[in-house]
Amino acid sequence: MNFEQLLNPQQLAAVMHPGGPMMIIAGAGSGKTRVLTYRIAKLMLDGEDPFGILALTFTNKAAREMQERIAGVVGESEARNIWMGTFHSVFAKILRREAGRLGYPTNFTIYDTEDSQKLIRNIIKEMKLDTEIYKPKQIASRISIMKNSLITPRVYKNTVELLEQDMLAKRPEFLQVYINYNERLFRAGAMDFDDLLLKTNELLAKFPDVLMKYQRQFRHILVDEYQDTNHSQYLIIKALGDLHRNISVVGDDSQSIYSFRGANIQNILNFKRDYPEAEIYKLEQNYRSTKMIVGAGNSLISKNKMRLDKTLWTSNEEGEKIKVVSTLSDADEARFIADDIAETHLKQHAAYSDFAILYRTNSQSRALESALRTYNIPYRIYGGLSFYQRKEIKDVLAYLRLIVNEKDEEALRRIINFPSRKIGATTLDKLNVLAGQHHRSLFEIIEHIDTRGAAAFNGPTRRRLRDFALKIRSLQVMAEKLNVYELTKELIKSVGLLEAYRKEGTQEAANRIENIEELINAMSEYVEEQRELEDGDPSLTGFLQQVALISDLDQEPENHNVVTLMTIHMSKGLEFPYIYISGLEENLFPSPLTLTTREDLEEERRLLYVAITRAKKRCTLTYARMRYRWGHLYDTEPSRFLDEIDEKYLERTDLTTRTSHLLDADIFDETPAYPKSKPTGNVNSGFSKTIRPKNLKRLQDARSTQSAVKIDLQKGDRVRHARFGSGTVLEVNENGQDSKAKIKFDHTGTKTLILRFAKLEKL
DNA sequence: TCATTGGGCTTTTTT
DNA sequence: AGCCCAATGA
């Protein structure tokens with residue numbers, strides 16, 4: 001491996017760093033993923049055990065991609081063993097292993113934001129507090145901040161400032177809500193997102209032998225996007241890295257945009273103080289963007305006071321100026337963008353996937369979506385309400401959760417009366433009181449309803465409750481024999497979930513049914529994939545954990561040639577030749593909710609910086625003079641940020657004087673030029689409807705012909721796989737029923753498949 | 001217990 | 001404008 005040829009001197013120095021703490025300050029587009037990848041590869045080429053390397057990334061997708069790139073250097077079987085993933089997924093894994101130490105069951109549930117908020121709302125109501133003062137969302141957010149700062153109720157109680165804050169805000173019971181919330185989580189055998197980090201800290205602090213074990217194991221710790229770590233994550237790294245002190249962090253203070261979820265920019269600014277012996281490497285050459293784009297970004301970010309000293313530069317071509325376009329309304333803005341994409345697509349032969357439209361808030365996507373539809377431009381929206389957050393999907397998952405962990409209170413509440421079992425709010429309230437008195441889970445109370453507090457319920461209600469408990473128990477028995485896919489099909493049938501929607505007969509209900517069918521397909525794919533992969537985990541717990549920590553970005557779109565729409569937050573780490581940033585208006589970007597402190601405004605500025613630096617060739621900023629919000633049309637002012645970029649990088653276009661007639665004419669003139677492709681429809685789901693029938697069929701085939709299909713494979717053969725695409729056989733391992741083949745797929749990476757299950761087609 | 005209706009609130013960003 | 005929730009009546 002000749003690193004000298006692959007890297008510039010600064011990158012090379014970072015890759016070759018001998019050991020001990022190091023920090024890489026990597027400007028946008030300066031090849032930080034490249035450096036991280038090669039650094040890990042280099043460690044392994046030097047003989048480091050992959051199990052001893054802990055690499056923490058921001059998204060699952062980033063982890064997957066890095067793993068694949070490392071596999072390209074050191075081989076897949078080695079790369080697979082690196083501990084790589086998001087903080088949440090890696091430590092969920094460790095917590096499951098050590099759950100007993102903390103008194104949690106191994107199969108603990110992970111509560112998502114919605115579960116947490118519902119629980120908090122319930123607690124507030126039970127305590128008979130005013131939800132106007134104790135707003136569940138605000139309380140949830142404050143608890144989250146506390147957890148991420150490792151302020152447990154015990155610490156909280158002894159911190160005068162915090163108690164004073166509560167007095168001032170007239171919510172003296174906050175601490176009690178916090179205590180009850182934790183109590184209820186524990187009783188439900190559940191952890192929220194923040195607990196995954198907090199409990200990891202607790203585990204490492206309370207059990208020196210556990211700490212020692214993982215300290216010894218992780219000889220090297222690497223952290224990507226260090227500027228976005230919170231205090232809780234910071235402490236985990238500090239604890240785990242304390243023995244070997246081989247901590248490598250990579251980040252860019254100018255791209256810190258997650259303070260709202262507790263990210264602490266001080267972590268990166270103070271690294272040198274925590275590790276005085278640390279080496280600092282700076283990557284300042286940008287390989288992504290034109291001189292104009294880099295210049296505009298620098299000029300904007302220089303307005304920030306809190307930053308580490310660095311200047312991004314590039315030897316790329318000069319490029320076009322940043323376009324600043326004003327339109328009359330948000331609809332016109334969307335139309336302009338769609339029109340511009342259509343034109344560039346035609347004239348520059350740019351693929352649709354070369355474009356991304358970014359915005360500050362998810363709600364801005366509507367107008368853009370409708371314009372793209374009109375132009376027949378295929379697109380995919382990321383974020384917003386993701387597939388797994390939909391009500392009907394969460395209902396099905398709630399049944400599964402309850403099967404795995406019957407103490408899961410939020411899961412139980414969701415489905416105890418859906419479909420209707422005539423168990424209503426009154427009954428649930430009484431159960432809840434009993435659960436509190438006996439310090440038992442709701443399910444335990446229900447199951448023993450005849451012996452405990454039977455007097456409180458009438459005969460029919462008791463019978464209904466007993467029936468429900470029996471139903472869950474019988475599903476649990478089923479779960480021992482069936483895989484996720486089979487189990488879900490059975491449970492939907494036996495519970496009558498689809499019938500409940502069919503009875504409604506509305507379009508909305510029909511959509512829900514479709515979504516549930518899509519979920520079943522996703523499961524069939526999951527089961528199939530886990531069975532084909534040598535190291536697959538087909539367990540129900542495994543599936544639920546994966547679903548809980550999945551993010552929208554992790555879902556591969558089935559059609560790759562589409563325009564991308566997402567918030568700026570989600571776009572971090574990505575790049576596109578053509579970027580549109582929409583809604584550069586006061587009270588939108590910067591957001592009015594952030595204008596209280598200078599720090600907040602600086603974060604908004606960094607956000608725009610991140611957006612601009614996503615662009616490789618061309619960057620277009622747009623704003624409208626009127627915008628629909630909350631059902632009304634409001635006048636707007638251009639964003640202050642537009643005046644903070646040096647004019648010499650800008651080219652301003654005013655479309656406010658000639659809007660509709662011109663743009664409308666364009667639509668009618670040009671529409672025929674585009675193929676009559678259907679609008680992409682429900683692109684937000686993450687799962688294509690069109691693949692459904694095929695998938696179901698494929699799974700059935702898989703069952704009936706499991707051992708019949710047998711192909712002789714040899715090294716070098718070209719094969720095709722239904723999901724992974726085409727690839728080349730690297731290695732065949734003949735071993736009768738367990739024969740495996742290692743295949744390098746052209747687009748989806750290298751995987752080892754079990755031939756008995758994998759349906760490969762020889763090309 | 002369920003269905004309907006009207007009122008209020010929303011839109012900051014996410015693992 | 002749309003969604004969620006609480007209150008109301010059956």
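Throughout, a chain's letter reflects where its sequence line sits, starting with A, and its residues are numbered from 1.
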Return the polar atom pairs (N/O with N/O) between nucleotides 12-15 of chain B and the protein under 3.5 Å, or none.
residue : atom : partner  : partner atom : Å
B:dT12  : O2   : A:Arg360 : NH1          : 2.9
B:dT12  : O2   : A:Arg360 : NH2          : 2.2
B:dT13  : OP1  : A:Asn362 : N            : 2.9
B:dT13  : OP1  : A:Asn362 : ND2          : 3.2
B:dT13  : O2   : A:Arg360 : NH2          : 2.8
B:dT13  : O2   : A:His569 : NE2          : 3.4
B:dT14  : OP1  : A:Thr567 : OG1          : 3.1
B:dT15  : O2   : A:His88  : NE2          : 3.1
B:dT15  : O4   : A:Thr113 : OG1          : 3.3

- Task: Considering only atom C1', compute the distance from B:dT12 to C:dC5 and round it to an integer number of Å.
- Result: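 So the two C1' atoms sit 23 Å from each other.
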- Item | Main-chain N/O of A:Tyr609 paired with A:Thr613 side-chain donor or acceptor, under 3.5 Å |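 Side chain of A:Thr613 to backbone of A:Tyr609, a donor-acceptor pair under 3.5 Å: yes, one is there.
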- Polar side chain donor-acceptor pair, A:Ser365 to A:Asn362, under 3.5 angstrom: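 No.
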- Task: For A:Ser582 and A:Tyr623, test the side chains for any donor-to-acceptor distance below 3.5 angstrom and give the result as yes or no.
- Result: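 A:Ser582 vs A:Tyr623: no donor-acceptor pair found between side chains.
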- Query: A:Ile423 has an atom CD1; how far is it from atom C1' of B:dC2, in whole Å?
  - Reply: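 In whole Å, B:dC2 C1' and A:Ile423 CD1 are 15 Å from each other.
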What residues, two or more places apart in sequence or in another chain, satisfy side chain to side chain contact (heavy atoms under 4.5 Å, CB included) together with [X]?
X        : value
A:Ala509 : A:Tyr501, A:Glu504, A:Thr506
A:Ser149 : A:Ile145, A:Ile151
A:His88  : A:Thr86, A:Phe193, A:Leu196, A:Leu197, A:Gln233, A:Leu549

- Between protein and nucleotides 1-10 of chain C, map the contacts as a letter string: B base, S sugar-phosphate only, - none, heavy atoms under 4.0 Å, written 5' to 3'. B----S----
- Query: Within the pair A:Ser420 and B:dT1, is there a side-chain N or O less than 4.0 Å away from OP1 or OP2?
  - Reply: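 No, because none of the side-chain N or O atoms of A:Ser420 sits under 4.0 Å from OP1 or OP2 of B:dT1.
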- Item | Chi angles and distances behind the ring pair (Phe, Tyr, Trp, His ring centres under 6.0 Å) call for A:Tyr526, A:Phe543 | CA-CA 8 Å; A:Tyr526 176 84; A:Phe543 175 80; 4.9 Å; yes
- Query: Which one, B:dC2, B:dT1, B:dT11, comes nearest to the side chain of A:Lys137?
  - Reply: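 Per side-chain heavy atoms of A:Lys137, the pick is B:dT11.
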- So which pairs with a foot in residues 125-139 of chain A pass salt bridge (Lys or Arg N to Asp or Glu O under 4.0 Å), sequence neighbours left out?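 Applying salt bridge (Lys or Arg N to Asp or Glu O under 4.0 Å) to every pair that reaches into residues 125-139 of chain A, excluding sequence neighbours, yields A:Glu126-A:Arg184.
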